[in-house]
Amino acid sequence: MDQIDRSILRELQSDGRMTIQDLAQRVGLTASPCMRRVRQLEQDGVIQGYRAVIDPEAVGRGFEVLVSVEVRRDREAVEAFEAALQGIPDVVEAYRLFGSPGCLLRIAVADLTAYERLWIERLTTLSGVTEVNSQIVMKRIKAPRGLPVD
């Protein structure tokens, strides 16, 4: 990956909807070689997809909670827990961690009542879960903007 590829990645992280012509102009190429590079980055798995960034409030999910979860430390329990998370749309991100806590979740729901229902009905009932701790997000200070590619 050279500097032009990195420039392409920076530009697409900033605006994934720009035309190939605009992208090519910004990175100093013509459209055809620029498109070839973008396709190659996609085929190589460097570019994994394109998404719209949505305002959580606009879709009724402005209440965010960071949840640390302890799961029994055996393979079967961990695999069952991770599989179950895939079926809970309110869990928008999930990470298995080294040490304690064993797992960190980011949850987006409508309000405290919705989170309490999720906590009681889903999170605490998942197989292998031994502890659930919640931290309510007061304010997002820095939103994800993509990865540095320098």
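Note that the coordinates shown come from a computational prediction; the quantities given were computed from them, not determined experimentally.
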Asks: Going by heavy atoms in the side chains, are T124 and V129 under 4.5 Å from each other?
Replies: no

Asks: Does L85 belong to the same Ile/Leu/Val/Met/Phe/Trp/Tyr cluster as L97, with side-chain heavy atoms less than 4.5 Å apart forming each link?
Replies: no

Asks: Let's go through E121 and T125 carefully: what are the C-alpha distance in whole Å and the side-chain angles of both, what is the deciding distance for side chain to side chain contact (heavy atoms under 4.5 Å, CB included) to 0.1 Å, and is it a yes or a no?
Replies: CA-CA 7 Å; E121 295 174 6; T125 65; over 6 Å; no

Asks: Would R61 and D90 count as a side chain to side chain contact (heavy atoms under 4.5 Å, CB included) if you check the C-alpha gap in whole Å, the side-chain angles of each, and the deciding distance to 0.1 Å?
Replies: CA-CA 9 Å; R61 292 188 176 269; D90 300 318; 2.5 Å; yes

Asks: Please check if the side chain of D44 supplies one atom and the backbone of V46 the other of a donor-acceptor pair under 3.5 Å.
Replies: no

Asks: Quickly, which of I136, L105, V91, N133 forms a side chain to side chain contact (heavy atoms under 4.5 Å, CB included) with V67? Name it, please.
Replies: L105

Asks: Side-chain atoms of residues 142-150: list all donor-acceptor pairs with protein atoms under 3.5 Å, sequence neighbours left out, distances to 0.1 Å.
Replies:
| residue | atom | partner | partner atom | Å |
| --- | --- | --- | --- | --- |
| D150 | OD1 | R10 | NH1 | 3.0 |

Asks: Does atom CD (E42) have a neighbourhood of more than 12 heavy atoms from anything else shown, all under 6.0 Å?
Replies: yes

Asks: In the single-linkage hydrophobic clustering (I, L, V, M, F, W, Y; side-chain heavy atoms under 4.5 Å), do V109 and V59 co-cluster?
Replies: no

Asks: Check whether more than 12 heavy atoms from other residues, nucleotides or ligands sit under 6.0 Å from atom CD of E116, and answer yes or no.
Replies: no

Asks: Would you check if V69 and F81 make a side-chain contact, meaning some heavy-atom pair closer than 4.5 Å?
Replies: yes

Asks: Partners of R17 by salt bridge (Lys or Arg N to Asp or Glu O under 4.0 Å), sequence neighbours excluded?
Replies: none

Asks: Got a sec, which residues hit side chain to side chain donor-acceptor pair (under 3.5 Å) with R51, two or more places apart in sequence or on another chain?
Replies: none

Asks: I54 and V92: same hydrophobic cluster, using ILVMFWY side-chain contacts below 4.5 Å?
Replies: no

Asks: Answer yes if L112 and L66 sit in the same cluster of Ile, Leu, Val, Met, Phe, Trp and Tyr residues linked by side chain heavy atoms under 4.5 Å apart, and no otherwise.
Replies: no

Asks: State, with a plain yes or no, whether a side-chain heavy atom of L126 is found less than 4.5 Å away from one of V132.
Replies: no

Asks: For R6, does the CZ atom have more than 12 heavy-atom neighbours from other residues, nucleotides or ligands under 6.0 Å away?
Replies: yes

Asks: Report yes if the side chains of I107 and I88 come closer than 4.5 Å at any heavy-atom pair, otherwise no.
Replies: no

Asks: Tell me whether E70 is salt-bridged to R73, with the criterion being a basic N under 4.0 Å from an acidic carboxylate O.
Replies: yes

Asks: Under 3.5 Å, is there a donor-acceptor pair between the T113 and R117 side chains?
Replies: no

Asks: State, with a plain yes or no, whether a side-chain heavy atom of D2 is found less than 4.5 Å away from one of R37.
Replies: yes

